[in-house]
Amino acid sequence: MSYHAFLGGEKFCFSSLKQVLAYASPYRSGDELAGVAAPDPLQRIGAREALANIPLRTFLNEVPVPYETDEVTRLIIDSHDTAAFAPVAHMTVGDLRDWLLDHETDGATLSALAPGLTAEMVAAVSKIMRNQDLVAVARKITVRTAFRNTQGLPGRMGSRLQPNHPVDSLPGIAASMLDGLLLGVGDAVVGINPASDNMANASDILHMLEGVRVRYDIPIQTCLLTHVTNTLQLMERNVPVDLVFQSISGTQEANAGFGISLSVLSEAYMASQSLGRGTVGTNTMYFETGQGSALSANAHHGMDQQTAEVRAYAVARAFSPLLVNTVVGFIGPEYLYDGRQIIRAGLEDHFCGKLMGLPMGCDVCYTNHAEADQDDMDNLMMLLCTAGINFLIAVPGSDDIMLNYQSLSYHDIQTLRSLFGVRAAPEFEEWLIARELIDAKGRIRVNSPSIFSGMIPSND
Amino acid sequence: MTDERPISWQGLQARTSARIGLPRTGNTISGAAVREFQYAHVRARHAVSTTLDTSRLNLSQPLIEVESRARDREEYVRRPDLGRQLSDSSRESLPHGQYDVVFVIADGLSALAAQQQGPAVLAAMIPLLAGWRIAPLVVAHRARVALGDEIATCMGARCVVMMIGERPGLRCAESMSLYMTWNPQIGMRDSGRNCISNIHGHGGLSAMTAANSLAWLLKMARTRNYSGVNLKDETCTIEQTDQQKILSDKSGK
């Protein structure tokens with residue numbers, strides 16, 4: 001179907017809903033690379049005007065990837081909750097934006113609405129929202145999840161401790177983990193990206209993490225971020241698996257590029273549920289996403305990268321995850337060129353994830369070929385904290401020595417706790433107090449590594 | 001826990017090059033460590049923006065310089081598609097012949113890496129390839145890995161080895177990878193390549209070790225008449241291709 005808008009007597013025409021969405025998206029390098037970006041700023045504003053006037057119902061009838069050939073589209077359409085949709089069923093995209101920002105629209109209302117919104121509706125409304133709008137609406141939404149501690153409570157912010165090592169050295173990983181725990185990081189998950197896909201290696205890492213957790217009785221969950229099929233095998237071999245990780249994308253074809261499908265995710269979800277390892281909750285899945293993943297698999301079907309990204313959230317929410325995060329600046333400047341684009345995308349991803357009902361976190365990060373630096377990350381972390389993000393990722397000194405990119409530091413998490421009053425998950429905070437890692441004012445002490453020297457394997 | 005043995009940050013820092021045990025002020029990192037980080041970042045950025053200087057390769061043999069369709073470093077970074085295609089004049093400058101292999105020294109995302117490691121690997125490589133018909137050396141500017149496919153096609157080479165600078169990190173901004181592709185075709189998938197990465201002088205793979213691994217791969221590829229993931233099981237040095245790495249490093253797959 002075609003769409004149009006009039007601005008200043010000029011008529012702007014668009015050939016499809018997909019094109020309106022793409023043209024309305026704020027400028028970013030990945031959409032230009034894909035050849036779907038608005039050709040000029042006027043067309044972009046024209047598309048936003050057209051988009052604002054499109055009824056939300058339209059998104060149930062015109063889908064960006066065919067229902068017949070794409071299981072993500074089928075998931076989106078088949079799981080749409082008409083009753084939940086009812087309060088906004090009469091609205092246009094523009095109406096929805098104003099309604100989301102209304103004082104009367106509170107967090108409980110938005111949580112009830114989530115199953116009634118499709119990924120494309122959520123992507124659409126984000127495109128006509130300013131950065132402050134994305135922050136203001138996301139801040140209303142609470143998404144609570146739990147495993148060995150409770151994530152997402154108001155006034156709380158979790159953190160993922162990411163102790164990667166270039167050759168998966170166990171003492172090396174343990175040393176980075178120790179540093180993070182001494183700095184009060186890791187309640188969301190201690191999650192390692194392995195350098196190798198070797199199964200024995202994976203098993204060794206998970207056993208070490210489990211040993212540390214049990215020895216010090218830490219109310220956290222651990223995760224090895226390996227392919228879901230590897231984790232399935234590890235579970236079969238009775239290796240201690242808390243969370244199942246997988247990178248996901250917004251089309252069937254892009255997911256196939258990751259070597260996954262909805263059925264393999266279901267299989268892993270069922271397997272992890274059957275383990276019953278959570279103590280205060282049963283959320284067992286951990287997903288990462290990022291704008292550009294569909295295009296880089298050449299499986300974007302002419303969609304802009306932000307719309308494709310929100311479709312990945314539709315995949316995520318089918319599995320009640322404990323954690324979801326966008327790795328916003330990781331994929332590189334061909335998708336998000338500079339600090340400005342990374343910051344906007346980070347705010348979009350967090351807002352869209354939350355509006356979809358997800359426990360949204362972020363890897364606030366950039367690569368060395370992007371036009372960005374740590375000051376841009378400072379800005380984004382503070383904005384996301386204001387927006388009420390569930391958790392952020394942190395690595396030693398912001399430098400991931402395995403993946404060769406920069407994220408936040410453990411210290412940055414402390415800075416946010418002090419600036420915004422956001423505390424760690426209650427169960428983890430109690431542990432920090434019991435271990436005397438924080439003082440009466442809630443500040444992290446200068447702790448000696450000897451407190452936890454038993455974490456470091458000595459037989460290497 | 002009272003049975004813990006004493007341990008120092010110095011002892012832990014010997015276990016990893018991660019920035020652990022950083023001195024603090026308040027919640028944050030002490031100034032000296034912050035400035036050291038900024039220095040490392042600027043060095044990595046410098047590696048990305050530096051152009052490949054052929055005079056610094058110190059090569060005795062003649063070479064052919066080519067460039068991709070990306071006109072400058074900025075366009076190169078933004079448009080990976082252009083970095084995979086030869087400019088028109090470059091395409092015409094390549095001699096056609098009967099070659100088994102063409103070696104390409106390519107800037108990639110760290111021209112410094114290609115400059116430092118490329119000639120060393122090449123020097124170690126040549127004696128290992130007795131009897132191979134080796135094409136004239138090509139030096140490629142603003143190149144992605146797949147540019148080698150077009151270079152090999154133009155030159156009539158059965159195999160291309162791209163010696164290309166990797167995405168720089170803060171701990172090492174001068175790391176090079178080798179991508180070996182047998183029967184290269186324009187538009188082929190990265191799964192048809194074999195890669196040897198982390199070739200650098202800060203504790204990485206040495207030029208000699210890399211050359212030995214590459215020679216093994218080349219001989220296997222010639223015997224079987226293919227390269228890529230199907231050669232993977234037989235060596236422990238093969239890692240993911242550049243594009244797969246960028247896409248899915250965080251997924252570990």
Is it the backbone or the side chain of [X] that comes under 4.5 Å from a heavy atom of chain B, or both, or neither?
X        : value
A:Ala370 : backbone
A:Asp412 : neither
A:Arg445 : backbone
A:Leu224 : neither
A:Tyr366 : side chain
A:Leu182 : side chain
A:Ala254 : neither
A:Ser409 : side chain
A:Thr367 : side chain

Subject >> Option in B:Leu82, B:Val77, B:Val48, B:Ile7 with maximal non-hydrogen atom pairs under 4.5 Å from chain A >> reply: B:Ile7
Original post:
Given the options B:Ser110, B:Cys172, B:Pro80, which has more heavy-atom pairs under 4.5 Å with chain A than any of the others?
Top reply: B:Pro80
Original post:
Which answer fits B:Ser49, side chain, backbone, both or neither, if we ask what part of it has an atom under 4.5 Å from a heavy atom of chain A?
Top reply: neither
[X] atom [atom1]: more than 12 heavy-atom contacts under 6.0 Å:
X        : atom1 : answer
B:Arg71  : CZ    : no
B:Tyr39  : OH    : no
B:Asp53  : CG    : yes
A:Met199 : CE    : yes

**OP:** State whether A:Glu32 and B:Arg79 are salt-bridged, where the test is any N-O pair (Lys NZ or Arg NE/NH1/NH2 against Asp/Glu carboxylate O) under 4.0 Å.
**Re:** no
Original post:
Is any NZ, NE, NH1 or NH2 atom of the basic residue among B:Arg45 and A:Glu371 found under 4.0 Å from an Asp or Glu carboxylate oxygen of the other?
Top reply: yes
Are [X] and [Y] packed together at the side-chain level, in the sense that at least one heavy-atom pair is separated by less than 4.5 angstrom?
X        : Y        : answer
A:Asp179 : B:Gln13  : no
B:Leu109 : A:His369 : yes
A:Tyr410 : B:Arg19  : no
B:Arg78  : A:Leu33  : no

**OP:** Just give me the residue among A:Pro449, A:Ala175, A:Ser29 that pairs up with chain B most often, heavy atom to heavy atom, under 4.5 Å.
**Re:** A:Pro449
Original post:
Once you round to the nearest 0.5 Å, how far does CG of B:Leu12 lie from CG of A:Leu178?
Top reply: 6.0 Å
Original post:
Under the side-chain contact (heavy atoms from CB on, under 4.5 Å) test, which residues partner B:Thr51, sequence neighbours left out?
Top reply: B:Arg73
**OP:** Taking side-chain contact (heavy atoms from CB on, under 4.5 Å) as the test, write out the residues that go with B:Ala18, two or more places apart.
**Re:** A:Ser176, A:Pro396, A:Ile401, B:Thr16, B:Ile20
Original post:
Where do A:Asn368 and B:Arg167 land on the side-chain contact (heavy atoms from CB on, under 4.5 Å) test, with the steps shown first?
Top reply: CA-CA 7 Å; A:Asn368 286 315; B:Arg167 266 202 329 181; over 6 Å; no
**OP:** Report yes or no: does A:Ser453 contribute a side-chain atom to a donor-acceptor pair with the main-chain N or O of B:Pro6 at less than 3.5 Å?
**Re:** no
Original post:
When only heavy atoms count and the cut-off is under 4.5 Å, which of residues 21-33 of chain B reach chain A?
Top reply: B:Gly21, B:Leu22, B:Arg24, B:Asn27, B:Thr28, B:Ile29
Original post:
What do the steps show when you test A:Asp399 against B:His41 for side-chain contact (heavy atoms from CB on, under 4.5 Å), and what is the final call?
Top reply: CA-CA 10 Å; A:Asp399 178 8; B:His41 182 233; over 6 Å; no
Subject >> With B:Arg142 via salt bridge (charged side-chain N to carboxylate O under 4.0 Å, His left out) - residues at least two apart >> reply: B:Glu67
Original post:
Taking B:Arg15 as the fixed residue, which of A:Ser169, A:Pro457, A:Pro171 is the one that meets the side chain to side chain contact (heavy atoms under 4.5 Å, CB included) rule?
Top reply: A:Pro171
**OP:** Apply side-chain contact (heavy atoms from CB on, under 4.5 Å) to A:Tyr337 and B:Glu74, showing your working.
**Re:** CA-CA 10 Å; A:Tyr337 185 68; B:Glu74 192 201 316; 2.9 Å; yes
**OP:** Would you name the heavy atoms of B:Phe37 and A:Gly397 that are closest together and state the gap between them?
**Re:** CE1-O, 3.3 Å
